[in-house]
Amino acid sequence: MTNRKYHKATDQFFSKLTQEDKASFFKGKSVNPLKILSISSAFPTLRIKDEDLLVLYSLKESIDELDLIITNQNIHIAETSIPLDKDVFQDVKFSAFPKEHVALLNDLVDDFLLTKKDEKKNLSDFTNKFKDFVNQKEDTTQEFDIDYEFLQILKNEGEKIQNLAEDLNNNKRFSNTINAIVHKTDDALEFKAEHVILQDIIRVFNMIYPLSDNKNTVADAKVKFLLAFMFEKLQGNDIIASLSIERINKFVQSEKFDENIEVIKTASLFDLGNEYKNEFLLPSLLKRLDSQHFANSASFLYRIASLITKADGTISEEETALLKKINSKLQHPKEKLEGVKQTEIDENETLDDVMDELNELIGLDNIKTSVKELSNFLKVQKLREEKGLKNVNNSLHSVFMGPPGTGKTTVARLVSKIYKHLGYLEKGHLVETDRTGMVAGYVGQTALKVEEVIKTSLDGVLFIDEAYSLAKDNKKDFGNEAVEVLLKKMEDHRDQLVVIVAGYPDEMEEFIESNPGLQSRFNRYFTFDHYKPKELIGIFELFCLKNDFVLADEAKEKLEFIFDKLYEKRHKSFGNARVARNLFEKIIEYQANRIVSITPLTEELLKTIVEDDIPPINQTVDDYLRFQKDEEEA
């Protein structure tokens, strides 16, 4: 049984639990990696490298006091490991557990075993269809058109994109966005990440394949098999794992294979409309949603394009130009401008998960301390409330002061989750906006616009970036109207809404002092400092880690010089983490252009950032400082 199907059965198990039962059960994939390490020390029979945590159970309803763990292989209790098997819970070891909980766990294991049995039957049926090949002895010394090295590259890429698809499918906002923007050809179909990825792969193939040398049968077989493999992989079928290399090479020479490729090439599950007609949909969506997976998706599609282009071991000028065009489209997708962005909360996330995420942020020590102190204060307030004691009426509205790119939005997202987990907000989602999302150009429209933003933010946190731009000396400016409507709505919905305003320190102080209503509602201040050079390097390396890149030592040393000089000469508008992110995106673009003509293609080449990929130190520093100066003067 594949891990994906184990997780599907687990998700169904949790969806059926009552609210009371949920307190005793914890989903394995939601547990923080650091927590997993501590759990493994308490369960010595658990092999975390070989087993996938599915369900964790605690009689005391605490993740820190677990009594039982179910993995994809065993049930772990105390110092004992028991293989998954029918009626396993009849063992006396489980007699101390509530009967209703034992019944639930027994049903879950039965689901695992039933699915496993069905898979064995399906595998047997599949094997019978190819029985004429089963008894053939594979000659590992034989040379094949589609060789082991090429299959290994495809296998690695397939695993990476499948993992990405799983992450995206668990993101409710991503799923909602797909189904909202595409024009369906099948009204009954709900689109998933796999559909979007496949559409982009087909687009890459159709852009490059016409330039290929069709007379080169080896290269032709490779690129066609790549398309077939990805098509099947994204539907949950692994051709490489199912067939021998000999069988694969015979398969690609058949007429039926060519017929299937023609069908795949023209496959279209949805119409993207004019907005995304000439775009790669996956990176466009992820850029629009400001997803951490954007760079990863663009890199994957570029690697697929490179594999197709370089299948024959050579690359023409025309193919080089096309690769550069594709890379440009992937790195700079068309974006739809929006004044408001909403981030939903993960229902499976716990308060401990949120605090762990806060602690893992690079730098921000003073902010971490302030947030922890706030969290502790709010916990005590809730306990006092439960005991019938009087509480201090303390406002949750906050002012985040600091330069751009210092984590203000990230911390706001975490704070919104903390308020939710502590019971102060029902949803805990974050709505981000600025002046463009709140101010209109005509009388009366600003009030309607603010009301719409407030309505979207109810039971969550409204984060207003550069809030000082709302308060203008010109009384006719509609920004002042936005502030007045905001203050009224904050009072009307004081138990349903938390507002965080953010911007440069001096400007924010002037903004709060400009209106008595703001002074009375905002009395909690958080100061965000510029990131130090070492912290900026850490942020850059984090981007590399998340997107399958490796920073060579000489490249890191050159990058350190850049961050040292930028920090030394920084203006108040220095972009901090944004600069690190912009540099990362620029550098991987340089890297792509450096390796575009290199053959053969290796994974090390695709992953490694070397010194030549880092732009000149002085020129880079001057460019960023000039840009900051232009921003300040604008």
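Atom set for the values below is all heavy atoms of this structure, side chains included, hydrogens, waters and symmetry mates excluded.
Counting all heavy atoms, side chain and backbone alike, Leu108 lies closest to Ala9 at CD1-O, 4.0 Å. Of all the heavy atoms in Asn169 and Ala193, the pair that sits closest is OD1-N, 2.9 Å. Of all heavy-atom pairs between Arg247 and Leu243, the closest is CG-CD2, 3.8 Å. Among all heavy-atom pairs drawn from Phe463 and Leu430, the shortest one is CB-CD1, 3.8 Å. The two atoms that bring Ser58 and Phe26 nearest to each other are CB-CE1, 4.0 Å, heavy atoms only. Contact record, Ile609 with Ala555: O-CB, 3.5 Å, taken as the closest heavy-atom pair.
Just one residue in the list Val88, Thr80, Val55 forms a side-chain contact (heavy atoms from CB on, under 4.5 Å) with Ile75, and that residue is Val88.
Using a 4.5 Å heavy-atom threshold, the side chains of Phe225 and Ile240 count as touching. By the 4.5 Å heavy-atom criterion applied to side chains, Asn260 and Phe231 are not counted as neighbours. Counting only heavy atoms from C-beta outward, the side chains of Phe543 and Glu585 never approach each other to under 4.5 Å. Annotation: side chain of Leu56 is not in contact with side chain of Phe25 (no heavy-atom distance under 4.5 Å). Using a 4.5 Å cut-off on side-chain heavy atoms (C-beta onward), Glu349 and Lys417 make contact. Two residues are said to be in side-chain contact when any heavy atoms from C-beta on lie closer than 4.5 Å; Ile70 and Phe112 meet this criterion. For the pair Asn156 and Gln152, the minimum side-chain heavy-atom distance is below 4.5 Å. At least one side-chain heavy atom of Leu53 sits less than 4.5 Å from a side-chain heavy atom of Leu46.
Atom CG of residue Leu164 and atom CG of residue Leu282 lie 6.0 Å apart, to the nearest 0.5 angstrom. One finds the CG atom of Leu227 at 10.5 Å from the CD atom of Glu232 (value rounded to the nearest 0.5 Å). Residue Leu378 holds its CG atom at 8.5 Å from CD1 of Ile418, rounded to the nearest 0.5 Å. Here NZ of Lys534 is found 14.5 Å from CD1 of Ile539. Values are rounded to the nearest 0.5 Å. With rounding to the nearest 0.5 Å, the separation of CE in Met230 from CD1 in Ile197 is 10.0 Å. Residue Leu422 holds its CG atom at 9.5 Å from CG of Asn376, rounded to the nearest 0.5 Å.
Judged by the 6.0 Å and 45° rule, Lys222 forms a cation-pi pair with Phe150. Within the cation-pi definition used here (under 6.0 Å to the ring centroid, within 45° of the axis), Lys287 qualifies as a partner of Phe294. Lys382 forms a cation-pi arrangement with Tyr424, by the criterion of a distance under 6.0 Å to the ring centre and an angle within 45° of the ring axis.
His101 places no side-chain N or O within 3.5 Å of a backbone atom of Pro98 that could act as its donor or acceptor partner. Panel note: side chain Thr608, backbone Leu605; no donor-acceptor pair is recorded below 3.5 Å. A donor-acceptor distance shorter than 3.5 angstrom exists from the side chain of Gln591 to the backbone of Leu606, with no hydrogens or angles considered. Side-chain atoms of Asp356 never come within 3.5 Å of backbone atoms of Asp353 as a donor-acceptor pair (strictly under, hydrogens ignored). In this structure a side-chain-to-backbone donor-acceptor pair under 3.5 Å is present from Asp67 to Leu59. Lys368 contributes a side-chain N or O that, together with a main-chain N or O of Gly363, makes up a donor-acceptor pair within less than 3.5 Å. Of the possible donor and acceptor atoms, one in the side chain of Asn359 sits under 3.5 Å from a partner among the backbone N and O of Met355. Judged purely by atom type and a 3.5 angstrom limit, Ser416 uses its side chain to pair as donor or acceptor with the backbone of Gly428.
Remark: aromatic rings of Phe174 and His293 are distant, center separation not under 6.0 Å. Between Phe97 and Tyr57, the distance separating the two ring centers is shorter than 6.0 angstrom.
If you check the side chains of Asn170 and Glu166, you find no donor sitting under 3.5 Å from an acceptor. Judged purely by distance below 3.5 Å, without hydrogens or angles, the side chains of Glu51 and His76 pair a donor atom with an acceptor atom. No side-chain donor from either of Asn547 and Gln292 sits under 3.5 Å from a side-chain acceptor of the other.
Within 6.0 Å of the NZ atom in Lys427, the count of heavy atoms belonging to other residues, nucleotides or ligands does not exceed 12. The local environment of CG in Asp553 is sparse, with at most 12 non-hydrogen atoms from other residues, nucleotides or ligands closer than 6.0 Å. Atom NZ of Lys60 sits in a sparse spot, with 12 or fewer heavy atoms from other residues, nucleotides or ligands closer than 6.0 Å. With a 6.0 Å radius and a threshold of 12 heavy atoms from other residues, nucleotides or ligands, Glu100 has its CD atom above the threshold. Counting heavy-atom neighbours within 6.0 Å of Glu159 CD, excluding the residue itself, gives a total above 12. The number of heavy atoms from other shown groups lying within 6.0 Å of NZ (Lys556) does not exceed 12.
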message: Does Phe89 form a side-chain contact (heavy atoms from CB on, under 4.5 Å) with Leu68? I'd like the steps, not just the answer.
response: CA-CA 12 Å; Phe89 285 101; Leu68 177 147; 4.1 Å; yes
query: When you look at Leu54 and Phe13, which way does the side-chain contact (heavy atoms from CB on, under 4.5 Å) test go after all the steps?
result: CA-CA 11 Å; Leu54 301 174; Phe13 169 78; over 6 Å; no
query: Taking it one step at a time, do Gln12 and Asp111 satisfy side-chain hydrogen bond (donor to acceptor under 3.5 Å, both in side chains)?
result: CA-CA 10 Å; Gln12 291 174 346; Asp111 286 342; over 6 Å; no
task: Decide yes or no on side-chain contact (heavy atoms from CB on, under 4.5 Å) for Val371 and Leu414, but give the supporting numbers first.
output: CA-CA 9 Å; Val371 172; Leu414 295 175; over 6 Å; no
query: Run the side-chain hydrogen bond (donor to acceptor under 3.5 Å, both in side chains) check on Thr71 and Asn74 step by step: do they pass?
result: CA-CA 5 Å; Thr71 72; Asn74 302 297; 4.7 Å; no
- request: Take Lys233 and Gln162 through the side-chain contact (heavy atoms from CB on, under 4.5 Å) test and state the conclusion after the steps.
  value: CA-CA 8 Å; Lys233 184 69 174 177; Gln162 196 171 49; 3.5 Å; yes
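Ion pairing between a basic and an acidic side chain is recognised when a charged N comes within 4.0 Å of a carboxylate O; Lys420 and Glu426 show no such pairing.
In this structure Asp548 satisfies the side chain to side chain contact (heavy atoms under 4.5 Å, CB included) test together with Lys160, Asn296, sequence neighbours excluded.
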